[in-house]
> 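Here it is, the structure, as structure tokens.
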Amino acid sequence: MFAQFLFARFGIQLPDGLIFIERKKHVYVAKKELGGVSYPRLNRAGMIAGKKESIFGPKPSLDFVLTFGHLAIKNTIPLSDDEIRKFYQNEKINMDKEGLIIVQNAQGKGAALGHGKDGWLTPLIPKQRLVKLYKDA
Amino acid sequence: MPSIRVNTLRISPAELKSAMGRYGKVETVPWYPSALIVQGENLANTQEYQLGYFYLQSLASMLPVIALDPQPGEHILDLAAAPGSKATQIAQHMKNSGILIANDDAYMRLKPLGGHIGRLGILNCAVTEYDGRKLPSIMHFHRVLLDAPCSGLGSRFTHSPYSPNRLRQMCKLQKQLLVHAFDLLLPGGRLIYSTCTTRNEENEEVVQRLLDKRSDAKLEKPGLPVPHTYGPGARIELDEFFFIAQLTRGE
């Protein structure tokens, strides 16, 4: 289901040798070999690929976008390094696409996830991953 | 100046060196191409950190994994993995292939470990939650790292005032962990035991106890790229102190 969403929305197909592992709320992405790891007290295998449900429907994680965002072929936007820097400071970007959008850098690597609405792209970057600007007292 | 480990799963050392130049002077480390020394403060609050381009790590703490020498495709265990500096370094050496089991029994420390795994784009790591002495023998490993819980009397970060009783308990725990870590090795496998304490009781004595208990355990000199004293086990003074012992299991 999550794999279908990624393909439909972004055209992302997971490379060979990787699997999705569905848990209660999250979907994980991992090397196929981890599918056979059978410790009873397994905390996680691989990294969080996204949420099965959010206010936007299924949503890829920032880490998934950073790792696989280069595979997206639609609903993407290229941003310059300076624009990405501002995006990580929680600044909206003026653009006309709607819904979940993968931000790619100048080299085509995944850099962030945003949500487009009413001419603006809002950063969907977890609070603890935003870069804070400190001002002199 | 803080040292960082470049996450070569996401970026090359040369690219990151260039990017980090905006925060101040950046120096390379001749003995480890993945290490950089960066002039600057609060490096965790940078875009490059959030993009998973590096891990903040002391130079000395990079050495146990260098001695472990993880190879792509292997099965490797980090028995006391949280918060994840060495587990993520192992994954990087494995080029995100094979199987890495990162174990720790402290639930609260597993959360940051999971966070680092995601941020750095690690896909070959499973996290387990066991007292390291009780990790089931479901798998055996080509290499095992035991960066043991210790009194930290050598670390620039930890200066815990441990009571003599607490220190005795810690030595007992280290000995039990090391024996179990050894028992999880495949024949011919390599075990690295490391601490950031200078105390003999937590270092050489722990290693000697294993050698007394397991006749197929062999002590070897670790291949380290920095000056150190040896006898038995390596003692290294860099930006902090580390003790590293390398053991192999007979074929």
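So you know, we letter chains A, B, ... as the sequences are listed, proteins then strands, and number each from 1. Note that the structure is predicted; figures quoted are calculated from it, not measured. Every heavy atom of this structure was used, including side-chain atoms; hydrogens, water molecules and symmetry mates were not.
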> Would E129(B) and R44(A) count as a salt bridge (Lys or Arg N to Asp or Glu O under 4.0 Å) here? Give the steps.
CA-CA 9 Å; E129(B) 194 185 338; R44(A) 65 160 63 200; over 6 Å; no

> Tell me whether K213(B) at atom NZ has more than 12 heavy atoms from other residues, nucleotides or ligands lying less than 6.0 Å away.
no

> Where on L51(B) is there a heavy atom nearer than 4.5 Å to chain A: the side chain, the backbone, both, or neither?
both

> With a 4.5 angstrom heavy-atom cut-off, is it the side chain or the backbone of S38(A) that approaches chain B, or both, or neither?
both

> Side chain to side chain contact (heavy atoms under 4.5 Å, CB included) for K132(A) and N45(B)? Distances and angles first, verdict last.
CA-CA 7 Å; K132(A) 298 167 201 77; N45(B) 185 40; 3.9 Å; yes

> Is any side-chain heavy atom of P40(A) less than 4.5 Å from a side-chain heavy atom of T128(B)?
no

> Please check if the number of heavy atoms outside E41(B) that lie under 6.0 Å from its CD is greater than 12.
no

> Quick check on Y107(B) against chain A: is it the side chain, the backbone, both or neither that has a heavy atom closer than 4.5 Å?
side chain

> Pick whichever of G98(B), A44(B), G114(B) has the most heavy-atom pairs under 4.5 Å with chain A.
G114(B)

> Taking the side chain as C-beta and beyond, is there a heavy-atom pair between R22(B) and R85(A) under 4.5 Å?
yes

> If you count heavy-atom pairs under 4.5 Å between each of L100(B), N96(B), I122(B), I138(B) and chain A, which one has the most?
I138(B)

> Can you tell me how far CD1 of I84(A) sits from CD of Q47(B), rounded to the nearest 0.5 angstrom?
6.5 Å

> Working note: M47(A) + H116(B), criterion side chain to side chain contact (heavy atoms under 4.5 Å, CB included); need CA distance, chi angles, decisive distance, verdict.
CA-CA 9 Å; M47(A) 70 176 195; H116(B) 290 308; over 6 Å; no

> For F7(A), is the CZ atom crowded, meaning more than 12 foreign heavy atoms sit under 6.0 Å from it?
no

> Using heavy-atom distances under 4.5 Å, tell me whether L130(A) contacts chain B through its side chain, its backbone, both, or neither.
backbone

> To the nearest 0.5 Å, how far apart are CG in L123(B) and OH in Y28(A)?
13.5 Å

> Taking atom NZ as the centre, does K92(A) end up with more than 12 heavy-atom neighbours from other residues, nucleotides or ligands that are less than 6.0 angstrom away?
no

> Does atom CG of N94(A) have more than 12 heavy-atom neighbours, drawn from other residues, nucleotides or ligands, at distances under 6.0 Å?
yes

> At a 4.5 Å cut-off on heavy atoms, which part of L135(B) comes close to chain A: side chain, backbone, both, or neither?
side chain

> Counting only heavy atoms not in E53(A), do more than 12 sit closer than 6.0 Å to its CD atom?
yes

> Count the heavy atoms belonging to other residues, nucleotides or ligands that lie under 6.0 Å from CZ of R133(B), then report whether that count exceeds 12.
yes

> Heavy-atom distance under 4.5 Å to chain B: side chain of I48(A), backbone, both or neither?
neither

> Which distance, rounded to the nearest 0.5 Å, do you find between the NZ of K109(A) and the CD1 of I11(B)?
5.0 Å

> Heavy-atom distances under 4.5 Å only: say whether Q128(A) touches chain B with side chain, backbone, both or neither.
backbone

> Are any of the side-chain heavy atoms of I99(B) and E33(A) separated by less than 4.5 Å?
yes

> Atom CD in Q50(B), atom CZ in R129(A): separation rounded to 0.5 Å?
5.0 Å

> Quick one: what part of L113(B) sits under 4.5 Å from any heavy atom of chain A, side chain, backbone, both or neither?
neither

> Please state whether the side chain, the backbone, both or neither of V37(A) comes within less than 4.5 Å of a heavy atom of chain B.
side chain

> Report the distance from atom CG of N103(B) to atom CG of L42(A), rounding to the nearest 0.5 Å.
10.5 Å

> Quick check on F68(A) against chain B: is it the side chain, the backbone, both or neither that has a heavy atom closer than 4.5 Å?
side chain

> Is it the side chain or the backbone of K32(A) that comes within 4.5 Å of chain B heavy atoms, both, or neither?
neither

> Using the side chain to side chain contact (heavy atoms under 4.5 Å, CB included) rule, take M139(B) and Y39(A) through it: C-alpha gap first, then chi angles, then the decisive distance, then the call.
CA-CA 9 Å; M139(B) 291 175 68; Y39(A) 288 98; 3.6 Å; yes

> With chain A as the partner, which of N124(B), T46(B), I117(B), L120(B) has the greatest number of non-hydrogen pairs under 4.5 Å?
N124(B)

> Just wondering, more than 12 heavy atoms not from K51(A) lying within 6.0 Å of its NZ?
no

